[in-house]
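Here the structure is laid out as structure tokens; the discussion comes afterwards.
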Amino acid sequence: MIKTRIAPSPTGDPHVGTAYQALYNFVFAKQNHGHFIVRIEDTDRARYNEISQQRILEMLNWLGISPDESPVVGGPNAPYIQTERAVLHQQHAQILLGNGWAYRAFDTSEELTAAREQAKLQGHMEQGYNRRDRGLSREESDARALAGEAFVVRLKVPLEGKTIVNDVLRGEVEFDNTGIDDKVLLKADGLPTYHLAAMVDDRLMGVTHVIRAEEWLSSTPIHVLIYRAFGWDEPKWIHTPLLRNPDKSKLSKRKSNTSVDSYREMGIFPEALLNYLGMMAWSMPDAREVFGVSDMIEHFSWERVSLGGPVFDLDKLTWLNGKYIREVLSLESLTEHAKPFLEQAGFDISNHTYISNVVHILRERFNLLSELPQKVAYFFKDIELEEKAAAKLQEGIEHLRALLPQLEGVTTWDQATLEPIFKGYAETSGAKLGAVMQPLRAAITGRLESPGMFEVLRVLGKNKVLERIKNALG
RNA sequence: GGCCCCAUCGACUAGCGGUUAGGUCACCGCCCUUUCAAGGCGGCGACACGGGUUCGAAUCCCGUUGGGGUCACCA
């Protein structure tokens with residue numbers, strides 16, 4: 001069975017890069033009727049954050065990307081929290097120590113830091129680990145470990161030859177073994193590093209396709225070597241292009257909005273975010289730009305992934321979100337999503353039909369739910385007359401005065417009744433329709449922009465409308 | 001700096017030897033119109049450069065340049 005996974009590290013806000021990877025892994029797994037696994041990589045105890053872990057899981061839930069195996073739903077290869085698998089990792093480090101593919105290194109962090117700084121001082125960047133203890137005899141190594149001396153376990157990388165990474169998207173990528181470090185597999189605290197833990201867990205969990213960000217490509221030869229050291233068959237390696245900041249550097253918190261929660265707060269729909277991420281580096285065969293995860297599952301293929309790193313563009317995401325608001329989502333769903341935003345603004349949302357009507361006539365006029373409250377304020381509280389609107393109102397105040405009696409007499413308060421009244425008035429009085437409607441708009445909404453006036457009048461209701469006109473007339 | 005990846009409009013992309021290089025966002029103009037939008041129509045705008053291969057290159061190969069990633073007891 002095809003198995004894919006994401007292995008987020010719980011160290012901060014739920015990252016769009018994680019959502020991006022989750023999408024690829026989920027879509028590919030589902031397309032092949034396989035499993036999508038979420039495994040929490042929490043071996044870095046210094047940066048670990050419990051809340052972060054929960055938020056990442058919640059993000060996936062919000063996006064509707066549900067894992068087949070995870071810390072919450074469990075699965076045949078539990079646990080799915082890496083630190084809970086530490087014994088497994090230690091046992092595997094032991095195997096490598098036994099078969100000669102790894103060795104204990106007794107350097108202290110201080111020594112390593114000093115060596116690194118020394119190298120820096122000598123001009124060049126750094127040459128990598130000096131492999132001081134690589135040649136230690138088995139007896140000495142065992143004795144020192146037994147005596148309680150602190151050590152790490154390092155991979156014994158071949159001193160010559162090449163390691164070839166077969167990346168599904170790029171083909172064969174060659175690395176000279178001389179350029180690969182004897183990476184730490186097991187830290188002094190007994191916990192594994194990513195290199196060991198991820199490979200062991202992937203193998204044990206039956207992961208067939210490692211789909212991850214391109215930043216991992218350069219450490220993949222290490223992973224290939226680890227698989228080889230255990231005598232295991234390699235999974236497929238797939239490195240997807242990195243999401244970028246506008247300046248083309250790797251998407252970062254410092255330069256962009258990387259928190260999925262922040263997009264959620266802006267009023268971006270999960271469907272829209274997923275859709276947008278889906279068109280980063282990948283494209284629909286028929287060039288459609290509005291598509292859902294199920295469409296992606298149906299048409300996905302690695303051949304359609306382009307390798308240049310896509311810049312994350314909020315403008316286009318916003319446009320796409322608007323597209324969902326006016327073309328994809330049902331009015332009912334849109335209304336439900338809008339409520340929390342309106343409520344947060346202090347508006348009364350108890351009348352569902354009213355909210356639905358308001359949302360309905362605003363639909364083509366906003367792209368983010370967070371824009372909504374400001375745009376519909378006059379439906380929920382008294383108007384705030386804007387300066388330009390006030391001027392417009394004064395220009396046409398006499399029209400409103402003339403119209404008021406007629407409006408008071410209206411019994412069926414709908415567009416079919418109201419429109420002829422205004423048009424008829426404009427015609428007989430010789431005024432342009434706009435010269436009548438704009439002052440009306442100012443009186444009713446306090447501003448010069450709004451949905452069609454007749455819709456606003458209908459939704460607001462006769463009482464409120466007459467009240468506001470009278471108010472305007474003084 | 002070493003190693004590795006990448007390279008079509010400002011951004012996202014289509015293209016996979018023969019196209020007036022197409023679409024979307026953004027921007028500009030026009031139409032529609034009671035305003036603002038939405039929508040429709042149109043415009044602006046790209047194959048990084050240099051060598052090859054070929055009858056023919058955006059498409060294939062090499063180099064240059066440019067951008068990015070990575071060089072932790074972090075993932």
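Bear in mind the structure is a predicted one, so any value in this text is a computation, not a measurement. Every chain is numbered from 1 and lettered A, B, ... according to where its sequence line falls, protein lines coming before strand lines.
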Which protein N or O atoms sit under 3.5 Å from an N or O of nucleotides 30-35 of chain B?
{"unit_1": "B/U34", "atom_1": "O2", "unit_2": "A/Arg441", "atom_2": "NH1", "d": "3.1"}
{"unit_1": "B/U34", "atom_1": "O2", "unit_2": "A/Arg441", "atom_2": "NH2", "d": "2.9"}
{"unit_1": "B/U34", "atom_1": "N3", "unit_2": "A/Met453", "atom_2": "N", "d": "3.3"}
{"unit_1": "B/U35", "atom_1": "O4'", "unit_2": "A/Gln438", "atom_2": "OE1", "d": "3.3"}
{"unit_1": "B/U35", "atom_1": "O4'", "unit_2": "A/Gln438", "atom_2": "NE2", "d": "3.4"}
{"unit_1": "B/U35", "atom_1": "O2'", "unit_2": "A/Leu448", "atom_2": "O", "d": "2.6"}
{"unit_1": "B/U35", "atom_1": "N1", "unit_2": "A/Arg441", "atom_2": "NH1", "d": "3.3"}
{"unit_1": "B/U35", "atom_1": "O2", "unit_2": "A/Arg441", "atom_2": "NE", "d": "3.4"}
{"unit_1": "B/U35", "atom_1": "O2", "unit_2": "A/Ser450", "atom_2": "N", "d": "2.8"}
{"unit_1": "B/U35", "atom_1": "O2", "unit_2": "A/Ser450", "atom_2": "O", "d": "3.0"}
{"unit_1": "B/U35", "atom_1": "N3", "unit_2": "A/Arg441", "atom_2": "NH2", "d": "3.0"}
{"unit_1": "B/U35", "atom_1": "N3", "unit_2": "A/Ser450", "atom_2": "O", "d": "2.6"}
{"unit_1": "B/U35", "atom_1": "O4", "unit_2": "A/Gly452", "atom_2": "N", "d": "3.3"}

Heavy atoms under 4.0 Å, any strand shown: does A/Thr108 hit a base, just sugar-phosphate, or nothing?
base

With sugar-phosphate meaning primed atoms plus P, OP1 and OP2, does A/Arg154 contact a base, only sugar-phosphate, or nothing at under 4.0 Å between heavy atoms?
sugar-phosphate

Can you measure A/Arg288 atom CZ to B/G23 atom C1' for me and round it to whole angstrom units?
14 Å

Using the P atom on both, measure B/G69 against B/C12 and round to a whole Å.
15 Å

Could you give the distance separating B/G29 and B/U34 at their C1' atoms, to the nearest angstrom?
23 Å

Determine the contact category for A/Arg45: base if any of its heavy atoms lies under 4.0 Å from a base atom, sugar-phosphate if only primed atoms, P, OP1 or OP2 are that close, otherwise nothing.
nothing

Tell me: CG of A/Asn367 to P of B/U24, nearest whole Å?
17 Å

With C1' as the reference atom in both, quote the distance from B/C30 to B/C49 in angstrom, rounded to an integer.
40 Å

A/Lys316 and A/Asp313 ion-paired at < 4.0 Å:
no

B/A75 phosphate, OP1 or OP2, under 4.0 Å from A/Arg212 side-chain N/O
no

Considering residues at least two apart in sequence or located in another chain, which fulfil the side-chain contact (heavy atoms from CB on, under 4.5 Å) criterion with A/Glu174?
A/Lys162, A/Ile164

Around atom CD of A/Glu111, are there more than 12 heavy atoms from other residues, nucleotides or ligands closer than 6.0 Å?
yes

Nearest-neighbour nucleotide for the A/Glu289 side chain, B/U24, B/A11, B/A14 considered
B/U24

Review item, nucleotides 44-48 of chain B N/O atoms under 3.5 Å of protein N/O:
none

In whole Å, measure the gap between the P atoms of B/A37 and B/U19 for me.
41 Å

When A/Arg104 is tested against each of A/Asp142, A/Asp133, A/Leu136 for side chain to side chain contact (heavy atoms under 4.5 Å, CB included), which residue passes?
A/Asp142

Looking at residues at least two apart in the chain, or sitting in another chain, which of them share a ring pair (Phe, Tyr, Trp, His ring centres under 6.0 Å) with A/Phe269?
A/His337

Between A/Glu214 and A/Arg170, is the closest basic N to carboxylate O distance under 4.0 Å?
yes

Going by the side chain to side chain contact (heavy atoms under 4.5 Å, CB included) test, name the single residue among A/Asn321, A/Leu317, A/Thr258 that passes it with A/Tyr263.
A/Leu317

With a 3.5 Å cut-off and no angle check, do the side chains of A/Asn25 and A/His209 form a donor-acceptor pair?
no

Can you figure out which of B/U24, B/A72, B/A75 approaches the side chain of A/Lys183 most closely?
B/A72

For residues 388-403 of chain A, please give each side-chain donor-acceptor pair under 3.5 Å, one per line with the distance, not counting sequence neighbours.
{"unit_1": "A/Glu398", "atom_1": "OE1", "unit_2": "A/Arg401", "atom_2": "NE", "d": "3.3"}
{"unit_1": "A/His399", "atom_1": "ND1", "unit_2": "A/Tyr425", "atom_2": "OH", "d": "2.7"}

Base, sugar-phosphate, or nothing for A/Ala281, non-hydrogen atoms under 4.0 angstrom?
sugar-phosphate

In residues 149-158 of chain A, what donor-acceptor pairs under 3.5 Å come from side-chain atoms, sequence neighbours left out?
{"unit_1": "A/Glu149", "atom_1": "OE1", "unit_2": "A/Arg144", "atom_2": "NE", "d": "2.9"}
{"unit_1": "A/Glu149", "atom_1": "OE2", "unit_2": "A/Arg144", "atom_2": "NH2", "d": "2.8"}
{"unit_1": "A/Arg154", "atom_1": "NH1", "unit_2": "A/Asp182", "atom_2": "O", "d": "2.7"}

For A/Asn166, all residues meeting side-chain contact (heavy atoms from CB on, under 4.5 Å), sequence neighbours excluded
A/Glu172

Of A/Met280 and A/Trp319, whose nearest nucleotide on RNA chain B comes first from the 5' end?
A/Met280

Quick one: does any side-chain atom of A/Lys250 pair with a main-chain N or O of A/Glu215 as donor and acceptor, under 3.5 Å?
no

At 4.0 Å (heavy atoms only), tell me whether A/Lys392 reaches a base, stays on the sugar-phosphate, or touches nothing.
nothing

Assign A/Ala287 to base, sugar-phosphate, or nothing according to its heavy-atom contacts below 4.0 angstrom with the strands shown.
nothing

Distance in angstrom units between A/Tyr276 OH and B/U13 C1', rounded
11 Å

Nucleotides 58-69 of chain B: which of its N/O atoms have a protein N/O under 3.5 Å away?
{"unit_1": "B/G69", "atom_1": "OP1", "unit_2": "A/Lys250", "atom_2": "N", "d": "3.0"}

In numerical order, the residues of residues 166-179 of chain A whose heavy atoms come under 4.0 Å of RNA chain B are A/Arg170, A/Val173, A/Glu174, A/Phe175

Pairing residues for A/His360 by the ring pair (Phe, Tyr, Trp, His ring centres under 6.0 Å) criterion, not counting sequence neighbours:
none

What is the distance, rounded to the nearest whole Å, between atom CD1 of A/Ile180 and atom C1' of B/A72?
17 Å

Interatomic distance at C1', B/C41 relative to B/G50, whole Å:
42 Å

Examine the side chains of A/Arg55 and A/Ser259 and answer whether a donor and an acceptor come within less than 3.5 Å of each other.
no

What's the CD1-P distance between A/Ile222 and B/C4, to the nearest Å?
14 Å

Just checking A/Val184: base, sugar-phosphate only, or nothing, at a heavy-atom cut-off of under 4.0 Å?
sugar-phosphate

Distance between P atoms of B/G40 and B/C4 (Å, rounded)
49 Å

In chain order, what residues pass the ring pair (Phe, Tyr, Trp, His ring centres under 6.0 Å) check against A/Phe341, with sequence neighbours excluded?
none

Pairwise P distance for B/G18 and B/G45, with rounding to whole Å:
26 Å

Would you kindly give the CE-to-P distance between A/Met279 and B/U24, to the nearest whole Å?
12 Å

What's the CG-C1' distance between A/Leu320 and B/A26, to the nearest Å?
15 Å

For the pair made of CD in A/Gln82 and C1' in B/C73, what is the distance, rounded to whole Å?
15 Å

Could you measure between the two C1' atoms, the one in B/C28 and the one in B/A14, and give it in whole Å?
25 Å

Sequence-distant partners of A/Phe300, ring pair (Phe, Tyr, Trp, His ring centres under 6.0 Å), two or more places apart:
A/Tyr24, A/Trp282, A/Trp302

Of all the nucleotides listed (B/C74, B/G39, B/A37), which has the minimum atom distance to the side chain of A/Arg47?
B/C74

Base, sugar-phosphate or nothing for A/Leu112? Non-hydrogen atoms, less than 4.0 Å.
base

